[in-house]
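Ligands are counted one by one from 1 in listed order, and the atoms in each one are counted from 1 as well. These values consider heavy atoms only, across backbone and side chains, with no hydrogens, waters or symmetry-generated copies.
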Amino acid sequence: MALPTNVRIVEVGPRDGLQNEPGDIISTAVKVELIDRLVDAGLSYVESASFVSPKWVPQMGDASAVMAGINRKPDVVYAALTPNMKGLEGAIAANADEVAVFSASSEAFTQKNINCSIKESLERFVPIIEAAKAENIRVRGYVSTVMGCPYQGDMDPAQVAAVSREMLDMGCYEISLGDTIGVGTPLKAKKMLEAVAREIPVEKLAAHFHDTYGQALANLYAVVEEGVAVIDTSVAGLGGCPYAKGASGNVATEDVLYMLNGLGIKTGIDLDKLVATSHWITGQLGRNNGSKVALAIGCEA
Ligand code: HMG
Ligand code: MG
């Protein structure tokens with residue numbers, strides 16, 4: 001299949017990136033400035049907050065304040081994660097443009113992450129999706145652990161496909177396939193995608209790959225070759241999942257952009273501005289930059 005001419009980048013750094021930062025709670029002002037800077041760099045979809053229990057994920061406890069503080073720009077989607085009805089109510093009150101529900105192909109991970117079975121999680125999503133639709137809010141669906149689970153090991157691609165299909169049928173407009181702990185390799189990514197694409201048109205799929213083993217770019221190239229044109233990324237490679245021990249951040253937005261630029265695939269994002277934002281946020285957090293491209297280009301961008 002020919003490579004796509006455009007790829008939509010879903011920036012998840014302010015959510016997936018920051019949710020797992022150790023140490024002090026990051027200030028609302030820093031979160032808001034990060035989102036505004038990312039949009040200024042050309043990101044048109046930013047997962048900005050997470051309306052989960054602050055007992056489970058303390059770094060996301062100020063979701064409403066973050067959403068209220070953003071300098072909203074037209075034509076930009078400011079999205080939020082919502083595990084249950086309480087989360088959806090928070091997201092609606094905060095004027096989120098879109099929300100995302102999340103389950104997994106692994107039973108054990110689902111229990112650890114959202115304290116219920118896969119079946120229960122899917123049942124929980126039905127009224128959430130209905131209520132969101134009544135407010136004209138689109139719902140994205142995440143399926144985690146698509147290439148491996150920290151508790152159960154290898155995943156059957158048929159199980160990934162089945163959960164994805166169910167979430168699509170229930171009304172999610174897109175399914176984001178999460179390699180939550182970044183254990184995939186290109187052939188595995190292709191086989192997983194082929195299994196899911198037998199159930200779901202590839203136009204409705206996104207790739208959400210963490211970079212724990214340094215395979216995310218290769219895995220992305222493998223699925224972009226198969227027609228995937230939506231990629232989730234995190235500026236500076238921030239993050240990880242608090243309920244997947246050892247998982248590192250998502251693939252860095254800068255690294256994906258550099259690769260796509262080299263392939264002649266358009267995204268609408270300004271690499272220099274993005275790199276400047278990447279150095280700014282790692283400075284604010286006092287942590288190393290997880291993007292090779294940002295490190296190569298340096299701080300003066
Ligand atoms: P639970 O303990 O079963 O829920 O947790 P509960 O309904 O019994 O409520 C317990 C307490 O939490 C109550 O408070 C609720 O009010 C409160 P209390 O009465 O004890 O004071 N509560 C909430 N507060 C604020 N917002 C809410 C909310 N819901 C309940 N929405 C629950 C179930 C789902 C809430 C919990 O397990 C949870 O919040 N889990 C979130 C875990 C999480 O955020 N994980 C990271 C995101 S997923 C991810 O990173 C993967 C992804 O990136 C894709 C990939 O990489 O694969 C998306
Ligand atoms: Mg993730």
Report task. Number the atoms of ligand 1 from 1 as they appear, then name those within less than 4.0 Å of a heavy atom of N84, with their elements. Result -> 27 (C), 28 (C), 29 (N), 30 (C), 31 (N), 35 (C)
**Report entry** Qualifying residue for side-chain hydrogen bond (donor to acceptor under 3.5 Å, both in side chains) with S291, from D255, T233, T282
**Finding:** D255
Report task. Specify side chain, backbone, both or neither for M60, according to which of its non-hydrogen atoms lie closer than 4.0 Å to ligand 1. Result -> neither
Query - ligand 1 contacted by R15 (non-hydrogen, < 4.0 Å) - result: yes
Query raised in the report: So, is R124 polar-close to ligand 1, with some N/O to N/O distance under 3.5 Å?
Result: no
Requested in this report: Indicate yes or no for a side-chain donor-acceptor contact from D211 to the backbone of Q215 under 3.5 Å, with no hydrogens or angles considered.
Outcome: yes
Query - Within 6.0 Å of OH in Y258, more than 12 heavy atoms from elsewhere - result: no
Requested in this report: Select the closest option to atom 28 (C) of ligand 1 among E47, K86, K112, R140, judged by heavy-atom distance.
Outcome: K86
Requested in this report: For ligand 1, note which part of V57 has a heavy atom under 4.0 Å away: side chain, backbone, both or neither.
Outcome: side chain
Query - N6 atom CG, neighbour heavy-atom count above 12 within 6.0 Å - result: yes
Query raised in the report: For ligand 1, is there an N or O atom under 3.5 Å from any N or O atom of F102?
Result: no
Query raised in the report: Quick one: do K112 and E107 make a salt bridge, cutoff under 4.0 Å?
Result: no
Report task. Give yes if a backbone or side-chain nitrogen or oxygen of T145 is under 3.5 Å from a nitrogen or oxygen of ligand 1, and no if not. Result -> no
Query raised in the report: Any N or O of H208 that comes nearer than 3.5 Å to an N or O of ligand 1?
Result: yes
Query raised in the report: For D16, is at least one N or O under 3.5 Å away from an N or O on ligand 1?
Result: yes
Report task. Output yes when the distance from some N or O of ligand 1 to some N or O of L81 is under 3.5 Å, and no in every other case. Result -> no
**Report entry** Basic-acidic side-chain contact under 4.0 Å: K190, E226
**Finding:** yes
Query raised in the report: Under 4.0 Å from any heavy atom of G87, which atoms of ligand 1 are there?
Result: 31 (N)
Requested in this report: Determine, stepwise, if the pair D232 / R140 fulfils salt bridge (charged side-chain N to carboxylate O under 4.0 Å, His left out).
Outcome: CA-CA 12 Å; D232 299 1; R140 195 168 194 248; 2.8 Å; yes
Query - Enclosure of Y213 OH (heavy-atom neighbours >12, cutoff 6.0 Å) - result: no
Requested in this report: Below 4.0 angstrom from a heavy atom of K55, which ligand 1 atoms are there? Numbered from 1 as shown, please.
Outcome: 14 (O), 18 (P), 20 (O), 21 (O)
Query raised in the report: What is the OD2(D16)-the Mg ion (ligand 2)-NE2(H208) angle, to the nearest 10 degrees?
Result: 90°
**Report entry** Atom indices of ligand 1, in the order listed, that fall short of 4.0 Å to a heavy atom of F51
**Finding:** 26 (N), 27 (C), 31 (N)
Query raised in the report: Does P83 approach ligand 1 within less than 4.0 angstrom via side chain, backbone, both or neither, non-hydrogen atoms only?
Result: side chain
Requested in this report: Pick whichever of Y142, F209, F109, W56 has a heavy atom sitting closest to atom 36 (C) of ligand 1.
Outcome: W56
Query raised in the report: Restricting to N, O or S atoms of H210, which is nearest to the Mg ion (ligand 2)?
Result: NE2
Report task. Tell me, please, whether Y142 has R15 positioned over its six-membered ring: NZ or CZ under 6.0 Å from the ring centre and within 45 degrees of its axis? Result -> yes
**Report entry** With R287 via salt bridge (Lys or Arg N to Asp or Glu O under 4.0 Å) - residues at least two apart
**Finding:** E21
Query raised in the report: Hey, is ligand 1 close enough to P54 that some N/O pair sits below 3.5 Å?
Result: no
Query raised in the report: Under the side-chain contact (heavy atoms from CB on, under 4.5 Å) test, which residues partner I269, sequence neighbours left out?
Result: I9, L43, L257, T267, L274
Query - Metal proximity, D232 vs the Mg ion (ligand 2), N/O/S cut-off 2.8 Å - result: no
**Report entry** Full working for side-chain contact (heavy atoms from CB on, under 4.5 Å) between M170 and L122
**Finding:** CA-CA 9 Å; M170 130 193 322; L122 299 176; 3.8 Å; yes
Query raised in the report: Is N250 touching ligand 1 with its side chain, its backbone, both, or neither, if touching means heavy atoms under 4.0 Å apart?
Result: neither
**Report entry** Contact check, side chains of F125 and S103, non-hydrogen atoms, under 4.5 Å
**Finding:** yes
Requested in this report: Flag D179 as yes when one of its N or O atoms lies below 3.5 Å from any N or O atom of ligand 1, and as no otherwise.
Outcome: no
Report summary line: Near N115 (heavy-atom distance under 4.0 Å), the atoms of ligand 1 are 1 (P), 2 (O), 3 (O)
Query raised in the report: Does the side chain of M67 come within less than 4.5 Å of I70's, by heavy atoms?
Result: yes
